[in-house]
Amino acid sequence: MRHKSFAGMNCPTALTLDRVGEWWSILILRDAFHGLTRFDQFERSLGISTNSLTRRLNTLVESGLLDRRRYADRPARYEYVLTDAGRDFQPVLVALATWGRAHAAPERDNVLLVDADSGHPVDPVMIDRNTGREIPGPGFAYVPGPDADEATLRRLSGDERT
């Protein structure tokens with residue numbers, strides 16, 4: 001079943017969700033970061049139906065997050081590898097896992113992100129590249145950007161909060 005498209009919305013969050021915004025796609029990307037590349041690997045890892053996996057892989061390829069590459073001719077077999085845009089999604093996955101570890105499953109440490117050189121677990125945080133300050137934190141606010149539409153201006157001005 002196809003969800004509503006957010007392609008017409010003037011919002012980076014909505015536009016991101018339009019490309020990857022359902023759980024199977026995000027889990028496929030997670031598995032791709034864990035090194036899985038082949039259809040049967042994703043299918044086994046996720047327990048997803050063949051039809052659903054095919055649709056989601058096609059969507060991720062069309063969205064430019066995965067590349068589909070043939071690795072066998074008879075029968076034709078493909079692997080799915082992260083593109084530059086797909087690799088840029090890693091901080092989103094790290095943020096989701098960090099939040100989940102703290103709020104959804106604090107007792108489960110089944111996968112850890114570690115420093116590859118030392119092997120020590122890392123404690124991911126988001127920072128402002130310009131100031132080095134941690135986000136979220138004091139001193140940050142959402143304001144309309146230069147391409148804000150009327151709905152965004154109303155929402156961020158407080159007109160829709162009353």
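Both backbone and side-chain heavy atoms feed into the values below; hydrogens, waters and symmetry mates do not. In what follows, residues are counted from 1 in the order of the sequence shown.
At least one donor-acceptor pair closer than 3.5 Å links the side chain of Ser157 to the backbone N or O of Leu153. Panel note: side chain Arg77, backbone Phe39; no donor-acceptor pair is recorded below 3.5 Å. The backbone N or O of Val111 lies less than 3.5 Å from a partner atom in the side chain of Arg101, making a donor-acceptor pair.
Taken from CD in Glu62 to CG in Leu57, the straight-line distance is 11.0 Å, to the nearest 0.5 Å. In this structure, Ser45 OG and Asp40 CG are separated by 11.0 Å, a value rounded to the nearest 0.5 Å. Note: Gln41 CD to Glu79 CD = 9.0 Å, rounded to the nearest 0.5 Å. Separation of atoms NE2 (His103) and OG1 (Thr98) is listed at 10.0 Å; rounding is to 0.5 Å.
Between Phe140 and Asp128, some side-chain heavy-atom pair lies under the 4.5 Å cut-off. Put simply, the side chain of Glu22 does not reach to within 4.5 Å of the side chain of Thr59, judged on heavy atoms. The shortest distance between side-chain heavy atoms of Leu46 and Arg30 falls below 4.5 Å. Using a 4.5 Å cut-off on side-chain heavy atoms (C-beta onward), Leu60 and Tyr80 make no contact. Side-chain contact between Ile28 and Leu53 is present, with at least one heavy-atom pair separated by less than 4.5 Å.
Following chains of ILVMFWY side-chain contacts shorter than 4.5 Å, one cannot reach Val125 starting from Leu96, and the two form parts of different hydrophobic clusters. Taken together through direct or relayed side-chain contacts under 4.5 Å among Ile, Leu, Val, Met, Phe, Trp and Tyr, Leu93 and Leu113 form parts of separate hydrophobic clusters. At a threshold of 4.5 Å between side-chain heavy atoms, the hydrophobic network of Ile, Leu, Val, Met, Phe, Trp and Tyr places Phe42 and Trp23 in one connected group. The hydrophobic cluster containing Trp99 does not contain Phe89, counting ILVMFWY residues as joined when their side-chain heavy atoms lie under 4.5 angstrom apart, directly or transitively. Leu36 and Val92 fall within a single hydrophobic cluster, where Ile, Leu, Val, Met, Phe, Trp and Tyr are joined by side-chain heavy atoms under 4.5 Å apart, directly or via other members.
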Step by step, work out the salt bridge (Lys or Arg N to Asp or Glu O under 4.0 Å) result for Asp67 and Arg69.
CA-CA 6 Å; Asp67 251 345; Arg69 298 182 185 159; 3.7 Å; yes
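Few gaps surround NE2 on His34; more than 12 heavy atoms of other groups in view lie less than 6.0 Å from it. The local environment of OH in Tyr142 is sparse, with at most 12 non-hydrogen atoms from other residues, nucleotides or ligands closer than 6.0 Å.
Ala85 and Gly64 get closest at one heavy-atom pair: CB-O, 3.6 Å. The heavy-atom pair separating Ser25 from Arg56 by the smallest distance is OG-CG, 3.6 Å. In terms of heavy atoms, Pro91 sits closest to Arg87 at CD-O, 4.3 Å.
Residues Asp149 and Thr152 bring a donor and an acceptor atom of their side chains to less than 3.5 Å of each other.
Screening Leu82, Val81, Asp31, Leu66 against Thr37 for a side chain to side chain contact (heavy atoms under 4.5 Å, CB included) leaves a single residue, Val81.
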